[in-house]
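One structure is given here, and the rest of the page talks about it.
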Amino acid sequence: MSTFPSSPFGFDITHTTVLELMSEAKGWEDRYRNVIQLGKKLPKMPEDLQQENVTISGCESKVWLQHEVIDSVYYFCADSDARIVRGLIALVMAAVNNKTAKDISVFDMDGYFAQLGLIEHLSPSRGNGLKAIIETINELIEQA
C-alpha cells in the first residue's frame, strides 16, 4: 500500500463520481463550489514531501506532486497553496490515482474536463496550470 496519506481520490471518488456530481450542478457557481468542496477532501501533503524539486512549473500557485508506483499502480500525492487549484488537483486525482500507466495514458483527460464544463470558466493562468499538472503526470508515466 502507498506511504502517502490515505486519499479517497481514485478509490471512493473516481472520475465517474465527479462527473455525476458536476452533472447535478445548477450553473457555474455550483460547479465552482463543488470543485472547492472536492479540494477540501484532498489530503494535505505532509510538509516533508513539499520539496522544491517536486513543484510544477507553469502554475501560478505553488503545486507539489509526488508519486510512487507499487505493483504497476500509480499513487499520487499532490497539493497546492490555493483553494481552487486544490480542487482542480482533486479532479485530476479522481481520474489518475490508483491506476496503471496504461489506464492513465488511455484516459481522455480533455474529454473529461470538457464534460465537467470547467475549462471555459478558468482564467488562462489556471488553465495553463491545470495543463502543466496533467503534462507532468503524463511525463512521469512515460518515464516508467
Handout entry: Full working for side-chain contact (heavy atoms from CB on, under 4.5 Å) between I141 and H67
Key = CA-CA 10 Å; I141 64 170; H67 80 288; over 6 Å; no
Exercise for the section: In sequence, state the C-alpha distance, the side-chain angles, and the governing distance for Y112 and M109, and then conclude on side-chain contact (heavy atoms from CB on, under 4.5 Å). Expected result: CA-CA 5 Å; Y112 171 58; M109 195 67 78; 3.7 Å; yes
Practice task
For side-chain contact (heavy atoms from CB on, under 4.5 Å), just list the numbers for H121 and R126, CA-CA rounded to whole Å, side-chain angles, deciding distance to a tenth of an Å, and then say yes or no.
Solution key: CA-CA 10 Å; H121 296 286; R126 293 279 188 245; over 6 Å; no
Exercise for the section: Applying side-chain contact (heavy atoms from CB on, under 4.5 Å), run through V35 and R83 and close with a yes or a no. Expected result: CA-CA 9 Å; V35 170; R83 285 184 332 160; over 6 Å; no
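Rounding to the nearest 0.5 Å gives a distance of 4.0 Å between OG1 of T136 and CD1 of I56. For the atom pair CE of M45 and CD of Q51, the computed distance is 8.5 Å after rounding to the nearest 0.5 Å. For the atom pair L91 CG and L38 CG, the distance stands at 6.0 Å (nearest 0.5 Å). Note: L19 CG to T14 OG1 = 8.0 Å, rounded to the nearest 0.5 Å. Rounding to the nearest 0.5 Å gives a distance of 9.0 Å between CG of N128 and CD of E135. The CZ atom of F9 sits 14.5 Å away from atom CZ of F76, with the distance rounded to the nearest 0.5 Å.
Scanning both residues, I89 and A78, for their nearest heavy atoms gives CG2-CB, 3.5 Å. Taking every heavy atom of both residues into account, I84 and Y32 meet most closely at CD1-CE1, 3.4 Å. Closest approach of G10 and N98 over heavy atoms only: O-ND2, 3.3 Å. The minimum heavy-atom distance between L116 and V18, with the atom names listed, is CD2-CG1, 3.6 Å. Closest heavy-atom contact between P43 and S6: CG-O, 3.1 Å. Counting all heavy atoms, side chain and backbone alike, G127 lies closest to L122 at N-CB, 4.2 Å.
V54 and I133 fall into different hydrophobic clusters, where Ile, Leu, Val, Met, Phe, Trp and Tyr are joined by side-chain heavy atoms under 4.5 Å apart, directly or via other members. Under a hydrophobic-cluster definition in which Ile, Leu, Val, Met, Phe, Trp and Tyr are linked whenever side-chain heavy atoms come within less than 4.5 Å, directly or via other members, I104 and Y75 are assigned to different clusters. With hydrophobic clusters built from ILVMFWY side chains whose heavy atoms lie under 4.5 angstrom apart, F4 does not share a cluster with M93. No continuous path of ILVMFWY side-chain contacts below 4.5 Å connects L49 to V92, so the two sit in separate hydrophobic clusters. Linking ILVMFWY side-chain heavy atoms closer than 4.5 Å, directly or via other members, places F11 and Y74 in two distinct hydrophobic clusters.
A salt bridge does not link E24 to R31: none of the charged nitrogens lies less than 4.0 Å from a carboxylate oxygen.
Judged by distance alone, the side chain of D79 and the main-chain N or O of K44 form no donor-acceptor pair under 3.5 Å. Looking at S61, its side chain never comes within 3.5 Å of a backbone N or O of S80 through a donor-acceptor pair.
For CG of D71, the number of neighbouring non-hydrogen atoms (other residues, nucleotides, ligands) closer than 6.0 Å is 12 at most. Residue-environment remark: CD (E120) exceeds the threshold of 12 foreign heavy atoms within 6.0 Å.
Two residues are said to be in side-chain contact when any heavy atoms from C-beta on lie closer than 4.5 Å; I119 and D110 fail this criterion. The shortest distance between side-chain heavy atoms of V73 and K99 does not fall below 4.5 Å. For the pair N138/I134, a side-chain contact is recorded, criterion being any heavy-atom separation below 4.5 Å from C-beta on.
For H15 and F107, the ring centers are positioned less than 6.0 Å apart.
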